[in-house]
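A quick write-up on the structure given underneath.
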Amino acid sequence: MSDDAARVCRYCGSGLQAGWGTPPPPQRGYATPQPPPPYSWANSNPPAPLPVPVPPPYQPPQPGYRCPRCGTTYLPIVESKISQDGWVVFILLLFFCFPLFWIGLMMKQETRICPMCRSTL
């Protein structure tokens, strides 16, 4: 191999410099990445406060209702739960007709719960 062939880049064809140990000059248009500053509690923003849970609106006592257990006159909480019949239909349809098993989960009943003593009415 001749001395002239050794001084030409085999990929781009440009001439090579004589010094092998010198680094290439930096390219223009690219910024050198700067490391992020060290984290400090002094220059950080405080975390946002957590939202405060809002209590349910006040309900004045109702004169016609009274809890049989604690005697309060506050209105009961109404919850909708899957009935026992719904669970039976769910299990039967799960075994005998799998695509329709979800129908049992739609059979619901309303339960009333006292807000003070949490007993089911």
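All values below were derived from every heavy atom in this structure, side-chain atoms included, with hydrogens, water molecules and symmetry-related copies excluded.
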**Asked** Going through the checks in order, is the side chain to side chain contact (heavy atoms under 4.5 Å, CB included) test met by Met107 and Val89?
**Response** CA-CA 9 Å; Met107 298 174 66; Val89 170; 3.9 Å; yes
**Request:** Walk me through it: do Arg118 and Ile113 pass the test side chain to side chain contact (heavy atoms under 4.5 Å, CB included)?
**Result:** CA-CA 6 Å; Arg118 305 297 295 172; Ile113 299 173; 4.1 Å; yes
Rounded to the nearest 0.5 Å, what separation is found between the [atom1] atom of [X] and the [atom2] atom of [Y]?
{"X": "Lys81", "Y": "Thr111", "atom1": "NZ", "atom2": "OG1", "answer": "5.0 Å"}
{"X": "Met116", "Y": "Arg69", "atom1": "CE", "atom2": "CZ", "answer": "14.0 Å"}
{"X": "Phe95", "Y": "Phe90", "atom1": "CZ", "atom2": "CZ", "answer": "9.5 Å"}

Do [X] and [Y] land in one hydrophobic cluster if side-chain heavy atoms of ILVMFWY residues count as linked below 4.5 Å?
{"X": "Leu121", "Y": "Val78", "value": "no"}
{"X": "Leu100", "Y": "Leu94", "value": "yes"}
{"X": "Phe98", "Y": "Val88", "value": "yes"}

**Request:** Please confirm whether the backbone N or O of Gly71 pairs with a side-chain atom of Arg66, one donor and one acceptor, at under 3.5 Å?
**Result:**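 Yes: the side chain of Arg66 pairs with the backbone of Gly71.
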**Request:** In sequence, state the C-alpha distance, the side-chain angles, and the governing distance for Leu105 and Trp87, and then conclude on side chain to side chain contact (heavy atoms under 4.5 Å, CB included).
**Result:** CA-CA 7 Å; Leu105 298 176; Trp87 285 113; 4.0 Å; yes
**Request:** Check step by step if salt bridge (Lys or Arg N to Asp or Glu O under 4.0 Å) holds for Glu110 and Lys108.
**Result:** CA-CA 7 Å; Glu110 290 183 350; Lys108 299 191 181 241; over 6 Å; no
**Message:** Consider side chain to side chain contact (heavy atoms under 4.5 Å, CB included). Of Cys67, Pro68, Pro76, which one does Cys114 pass it with?
**Reply:**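 Only one option passes, and that is Cys67.
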